[in-house]
Structures are given as structure tokens and as C-alpha cells.
Amino acid sequence: MISKKVEETINKQINAELWSAYLYLSMSAYYASIGLSGFANWMRVQWQEEVAHSLKFFDYLIERGGNPILAQIADVPKKWDNPLQAFEEVQKHEQHVTALINNLMDVAIEEKDHATKSMLQWFVDEQVEEEANAQAIVDNLRLVGGKGDGLLLLDRELKLRVFVDPTTSAKP
Ligand code: FEO
């Protein structure tokens with residue numbers, strides 16, 4: 001049986017992952033609105049990834065005899081100043097998610113919950129990848145000055161991203 005403290009913290013994380021999904025879907029709409037369909041595609045795939053993350057926590061809670069609580073999802077931003085600024089926000093947001101996962105790990109350690117620690121290790125590794133992906137695109141955007149032909153080339157590249165459920169494939 002899972003402790004109340006771990007259960008509550010996982011429930012908060014389910015909400016945080018779903019909020020991340022909303023954020024990226026909102027960014028997908030933003031990029032589509034400025035004609036960057038490749039960036040819009042990347043964000044749409046990211047939305048699917050975040051839903052998969054939330055489901056991994058959801059299923060784990062049920063497996064351990066806990067109850068997933070689907071709380072209200074707060075509003076997400078709808079507008080950004082430019083393509084680079086939106087992606088810088090992705091990078092910042094993923095750093096925030098890493099901090100949340102680390103906090104969850106701290107709670108599991110305090111509660112001597114070895115099963116949750118083991119499950120969370122997957123997310124610790126996943127966050128390394130999440131931050132690196134965002135960093136690489138921010139770096140590319142800065143290199144091309146966030147505009148012009150370089151931006152269009154990058155857009156073409158991001159159009160190729162397809163969703164592969166990270167929770168069912170080997171890590172990372
Ligand atoms: Fe679920 Fe992008 O971290």
C-alpha cells in the first residue's frame with residue numbers, strides 16, 4: 001500500500017503533466033497561427049508525450065492501490081512574443097518539471113518507498129532527455145537569430161517528429 005504523502009505528491013504530478021500537455025498544445029496553436037507548421041507538429045507530439053507521462057503516474061497509482069484524483073487544470077498561456085521566446089519557455093518549463101520529479105524522489109526516499117523510487121528513476125532519466133531536446137532547439141533558434149531561412153529550415157526539420165510513446169520504449 002502506498003503512503004498518503006506519496007499518493008498526494010503523485011496526484012499533484014499527474015496534474016502537472018496534464019498542465020504541461022495543455023501548455024504544449026497551446027504552443028502548437030501559437031506556432032500554427034504564425035505559419036510554422038513544423039514547430040506546431042513538434043509541440044503536438046510533445047503534448048502526446050506529456051499525456052503519456054501523466055498516464056504512467058495514473059497507472060502506477062492504481063497498481064499500488066492508490067486513487068488518482070483528476071483535479072482542475074489551470075489555464076495556460078496563449079501568446080508568445082516570437083518563436084524563440086516560446087521555446088525558451090519550454091526549456092524553463094522542463095527545468096521546473098525536473099525539480100518536481102526530484103522533489104517526488106525526495107518524498108519517496110523520506111517515506112522509504114523503494115517501489116516508487118524505482119518507478120521515478122525512469123522519469124529522472126526522461127527529464128535529462130526532455131531538457132536536452134529543448135536546449136538543442138533553443139540553441140538552433142539562437143544560431144539562426146530566430147528568423148529567416150534558418151527558421152524555415154528548422155521548421156522543416158521539426159515537421160519530421162513523430163510520436164513514439166516514451167513510456168513503452170527503452171530508456172533513453
Ligand atoms: Fe513530462 Fe516534459 O515532462
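Note that this is a predicted model, so its numbers are computed, not measured. For ligands, and for the atoms within them, numbers begin at 1 and follow the listed sequence.
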Report task. State plainly whether the residues E126 and K56 are in salt-bridge range, i.e. N to O under 4.0 Å. Result -> no
Requested in this report: In plain terms, say whether E110 and K5 are close enough for a salt bridge, that is, a side-chain N and a carboxylate O under 4.0 Å apart.
Outcome: yes
**Report entry** Atoms of protein origin (N, O or S) under 2.8 Å from atom 1 (Fe) of ligand 1
**Finding:** E17 OE1, E50 OE1, H53 ND1
Report task. Would you please classify the geometry between the W19 ring and the H93 ring as parallel, tilted or perpendicular, with 30° and 60° separating the classes? Result -> tilted
Query - Heavy-atom neighbours of R156 CZ exceed 12 at 6.0 Å - result: no
Query raised in the report: Only one of V97, L55, L100 clears side chain to side chain contact (heavy atoms under 4.5 Å, CB included) with E17; which?
Result: V97
Query raised in the report: Got a second to check how far I2's CD1 is from E111's CD, nearest 0.5 Å?
Result: 9.5 Å
